[in-house]
Amino acid sequence: MNSNEEKKYQELWNAVLEKIKESKLYDDAIYTTYIEPTKLFRINGNVALITVPNNVSNSIISGNLDQWKQCFAQAAGNEYTLQLILHKDVEKMMPAPMLKKQSDSLFEDRFNKLYTFDNFVVGKSNREAYAASIACCNYPGQFNNPLMIYGNSGLGKTHLLHAIGNYLKENRPESKVIYIYSEDIVTLLIEAMKNKDVHGNSVEDIKARFMECDFLLIDDIQRMKQSASQEIFFNLYNKLIAENKQIIITSDIHPSELKGIENRLISRFLSGLKVRVGSPEFETAKAILKKKIEGRNESIMIEDEVLDFIATKFSSDVRKLEGSLNELFFKAILENPGIIDLSFAQAVFSDEPIIVVEEDLSIGKIKACVCEYYGLTKSQIESKSRTKQISNARHIAVYICRKHLQVPFVKIGFSFGNRDHSTIMSSYEKAKKMIAQDPLFKTAVEQIEAKLGIR
């Protein structure tokens, strides 16, 4: 179907829907939910093929098919037999150009222009990820391939992917960049396997399109569930790496803890550079708030200590920071306080806790929180490694377990790789000593306790 035919069908169907609406055959809710999403797919001879979103729409229209035929005849100028088809069955009837058009949308420029490197606030929690992202743009495929950016949701991983895309578009316009969600890769490959005999949308065609790119940006890899498509993706991934195509992947968890993804794929991910994005520390959180305020149109004044308050209360998540600021300005517009001071902000957020403790404190929960803070896995903190980062994390976890749970050193040792109780006792005493002597170590303990809601 060419664009003129498509436009002609759309105009005809709009006229039919208008007549259905004027007939008052359905109330507004039914019309909006079940009638409006329908489409005129094709006219073959005297048969008009109408696509419907679900079986409910099918039943509703079938119950009044004579009235629909009358409205269609009035709009078209001729009588037609109407045949209803579910949207999900349409692909089986699509010619190759339409199938190709459907997959084309996944390869379009999908970068949000608001997400750039310039407005990404850099701090201790994300400095490595920021630097690695810029390095990938300027030295693709050389030493950071693949680049895996991981960390909890809402900390800026997707911002970095869009920033990469926007930077490349401006500075390397000749480069072909694909940004895609992992779920869309699975969908695309599965659909290609279903339509293996359709020219223009086969698995080989899809793989060829991926191979054209210079940069492949995959968001939320943890959502790539196990399926036959992983075999195809594995081969595609190897080819991209072999040709030095830069791959950048984001994940909510460390790649070694990914579930539902084949081990050989995880092994490939682990072979590249892994950088963690953590919760913003106070200074970064406050800088983010200031950056957000710069882009606002409201002329309402806000005191600096209010930013300190929000940065302390909501620093676990960049989205929470932005959301709390939006809520504060919204309340200020409604109540017109003149200036947003600390008392006003405290009143706005009086019912919102800093930490929502969803379960009782446990050794497992303490270990998970410490691992998240240091960007480690549970196996690392339980290992015999004596590297400074892992040792410090282990000392803190042991200290918090003993201090807040009051459990025997023997029990703590069992949960940390079955260590002897004397080793755990030594770790606890060392943590106490470091808290007294090392301000950075003390700050880490306090921040982890705050995340656990036990300060």
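What you see is a predicted model, and the numbers here were worked out from it, not measured in a lab.
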Enumerate donor-acceptor pairs with a distance under 3.5 Å from any side-chain N or O in residues 121-137 to protein atoms, sequence neighbours excluded.
| unit_1 | atom_1 | unit_2 | atom_2 | d |
| --- | --- | --- | --- | --- |
| Asn126 | OD1 | Gly123 | N | 2.8 |
| Asn126 | ND2 | Val121 | O | 3.1 |
| Ser133 | OG | Ala129 | O | 2.7 |

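Judged as a side-chain contact (heavy atoms from CB on, under 4.5 Å), and not counting sequence neighbours, the contacts of Glu183 are Arg223. In this structure, the side-chain contact (heavy atoms from CB on, under 4.5 Å) partners of Lys286, at least two apart in sequence or on a different chain, are Phe282, Lys290, Asp304, Leu307, Asp308, Ala311. Applying the salt bridge (charged side-chain N to carboxylate O under 4.0 Å, His left out) rule to Lys169 yields the partners Asp109; only residues at least two apart in sequence or on another chain are considered. Every residue two or more places apart in sequence or in another chain that forms a side-chain contact (heavy atoms from CB on, under 4.5 Å) with Asn152 is listed here: Leu155, Glu372. By the salt bridge (charged side-chain N to carboxylate O under 4.0 Å, His left out) test, Lys207 is found to be paired with Glu204, residues two or more places apart in sequence or in another chain being considered.
In this model, no donor atom of one side chain and acceptor atom of the other lie less than 3.5 Å apart for Glu36 and Tyr31. Residues Asp252 and Tyr150 have side chains that never bring a donor and an acceptor to within less than 3.5 angstrom of each other. Inspection of the Thr423 and Asp420 side chains reveals no N or O donor paired with an N or O acceptor under 3.5 Å.
With a 6.0 Å cutoff to the six-membered ring centre and a 45° limit on the axis angle, Arg268 does not count as a cation-pi contact of Phe234.
Using a 30° and 60° split on the angle between ring planes, His162 and Tyr179 fall in the tilted class, from 30° to 60°.
For the side-chain hydrogen bond (donor to acceptor under 3.5 Å, both in side chains) with His159, the qualifying choice from Asn119, Thr116, Asn112 is Asn119, the only one to do so.
Here the side chain of Arg394 pairs a donor or acceptor atom with the backbone of Ser385 at under 3.5 angstrom.
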